[in-house]
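Heads up: the structure comes next, in structure tokens.
For reference, positions follow the sequence shown, starting with 1.
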Amino acid sequence: MRLLARPRYLATMAEEIVTNAAAAAETTTNTNSKSRWPWLLRWIPTSTDHIIAAEKRLLSLVRTPYVQEQVNIGSGPPGSKIRWFRSTSNEPRFINTVTFASAADSPTLVMVHGYGASQGFFFRNFDTLASKFRVIAMDQLGWGGSSRPDFTCKSTEETEAWFIDSFEEWRKAKNLSNFILLGHSFGGYVAAKYAIKHPEHVKHLILVGPAGFSAETEMSERLMQFRATWKGAILNHLWESNFTPQKIIRGLGPWGPDMVRRYTSARFGSYSSGDMLKEDESKLLTDYVYHTLAAKASGELCLKYIFSFGAFARKPLLHIASEWIVPTTFIYGTDDWMSYQGAQEARKQMEVPCEIIRVPQGGHFVFIDNPKGFHAAVFYACRRFLSPDPDHESLPEGLTSA
């Protein structure tokens, strides 16, 4: 979906939300303890155990051996002002992590998923990337199989700290340093903010279709006109009320899996711009996506604090591009609705090496749409760590530089 198609996309979303909002329930399942409402467990048939089991089934498609673990990041340092630390129970938090087997001298690549996703979305990439890197993928706090604390942040600053500081606690627990950090979409936003705050740990930053470079002042005329319509007004109200797409999935109860199946079949099937999912991939991904979306609301509630309606960042990365310290590569699918032009503007302000690579036959999930092109882009971005003669490496065929 291209940037100019955003109003049409939002209009369609508005119709779906209006149609299903009556069924959407605010209640969610507590996935870490026994519910007092058994009927609700039947209405929303998921749990953390379901997520981990679905992840295991999805990763059965991956040939490379891996270790899955729940990394304890504690309940937070004394005196912390970060709300995820200030739990009423002081129970420790855990980050679901998978680490793939690799050669002993391989550089470490940490992969961070985007909004509404989890680390399993990279299932088509683990085998190839693990041939060159020590690959570690994690579910951000409040998503996937990680702990899902009550989300009590009330500002953009607190919300950013929720993700950045929990990632840092995870890094400490894993004893990682000098790694390559790859983030997709909202995960790219988090990765960039983390690299600015903790540049000493990141030797290269790869941002894949990153969110957060556009400000509301850059809103197109078409989107402004759409926001003035009744559909736009409804969507804007729902956005500011923190009504997330996941609430629709929960509200549909036992019919939620079918809605997710229709989405994955369309997005990665008939509407795919690259390699369509095989039948077994589609089935396993659908099952995994449903369980990660239907579980207790937590990290998803960051949306309105990080972005205004239309996915415009409240604290755009473009405004802090001059603070960049870590060399960076941007990767975009040629059909990504996230515009690469924001990266071009940011590059003008950066004082570190920065390149922008576009991958054909790929949309926002370019790593699923065109895994071969995506892998070529990642290997090229990391040529300084992989090639004996990086200065003479040429851009792989099919990829373009922006």
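For Y115, the ring pair (Phe, Tyr, Trp, His ring centres under 6.0 Å) criterion is met by W143, not counting sequence neighbours.
For the pair D335 and P360, the minimum side-chain heavy-atom distance is 4.5 Å or more. By the 4.5 Å heavy-atom criterion applied to side chains, E169 and V71 are not counted as neighbours. At least one side-chain heavy atom of I180 sits less than 4.5 Å from a side-chain heavy atom of F385. M111 places a side-chain heavy atom less than 4.5 Å from the side chain of L109.
In this pair, F367 and F122 present their aromatic rings tilted. The plane angle is within the 30 to 60° band.
Salt bridge annotation for E157-K315: present, with a cationic side-chain nitrogen under 4.0 angstrom from a carboxylate oxygen. One finds no salt bridge joining R383 and D389 here, because no Lys/Arg side-chain nitrogen approaches an Asp/Glu carboxylate oxygen to under 4.0 Å. A salt bridge links E345 to K348: at least one charged side-chain nitrogen sits closer than 4.0 Å to a carboxylate oxygen. With respect to E281 and R57, no salt bridge is recorded, no charged nitrogen being found less than 4.0 Å from a carboxylate O. A salt bridge between R261 and D287 is absent, with no side-chain N of the basic residue lying under 4.0 Å from a carboxylate O of the acidic one.
Between the D127 side chain and the T64 main chain, a donor and an acceptor come within less than 3.5 Å of each other. Within the 3.5 Å criterion, the main-chain N or O of N242 finds no donor-acceptor partner in the side chain of K304. In this structure a side-chain-to-backbone donor-acceptor pair under 3.5 Å is missing from S241 to F243. N178 places no side-chain N or O within donor-acceptor distance of the main-chain N or O of V202, the cut-off being under 3.5 Å.
The cationic group of K203 does not satisfy the cation-pi geometry with F179, failing either the under 6.0 Å distance to the six-membered ring centre or the 45° limit from the ring axis. Within the cation-pi definition used here (under 6.0 Å to the ring centroid, within 45° of the axis), R267 does not qualify as a partner of Y263.
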Under 3.5 Å, sequence neighbours excluded: what are the donor-acceptor pairs made by side chains of residues 129-141?
unit_1, atom_1, unit_2, atom_2, d
S131, OG, T128, O, 2.5
D139, OD1, Q119, N, 2.8
D139, OD2, N96, ND2, 2.9
D139, OD2, G145, N, 2.8
Q140, NE2, H113, O, 3.1

Side-chain donor-acceptor pairs of residues 320-331 under 3.5 Å, sequence neighbours excluded:
unit_1, atom_1, unit_2, atom_2, d
W324, NE1, T328, OG1, 2.7
T328, OG1, V326, O, 2.9
T329, OG1, H204, NE2, 2.9
T329, OG1, E355, OE2, 3.3

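Considering F100, F121, Y66 as possible partners of F126, the one that fulfils the ring pair (Phe, Tyr, Trp, His ring centres under 6.0 Å) test is F100.
Within the 6.0 Å centre-distance limit, the rings of H184 and F365 are counted as a close aromatic pair. The aromatic ring centres of W162 and F151 sit less than 6.0 Å apart.
Using modelled atom types, one finds a donor on one side chain and an acceptor on the other under 3.5 Å when comparing H375 with N125. Under the 3.5 Å distance criterion, with hydrogens and angles disregarded, a donor-acceptor pair is assigned to the side chains of E168 and Y194.
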Pair T97, W170 - check side-chain hydrogen bond (donor to acceptor under 3.5 Å, both in side chains), show working. CA-CA 10 Å; T97 307; W170 172 82; 2.9 Å; yes
Take Y305 and E160 through the side-chain hydrogen bond (donor to acceptor under 3.5 Å, both in side chains) test and state the conclusion after the steps. CA-CA 9 Å; Y305 297 107; E160 288 185 351; over 6 Å; no
Would you check, one step at a time, whether the test salt bridge (Lys or Arg N to Asp or Glu O under 4.0 Å) holds for K296 with D150? CA-CA 9 Å; K296 174 187 172 181; D150 294 338; 2.7 Å; yes
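Residues P149 and S298 share a closest heavy-atom pair of O-OG, 2.7 Å.
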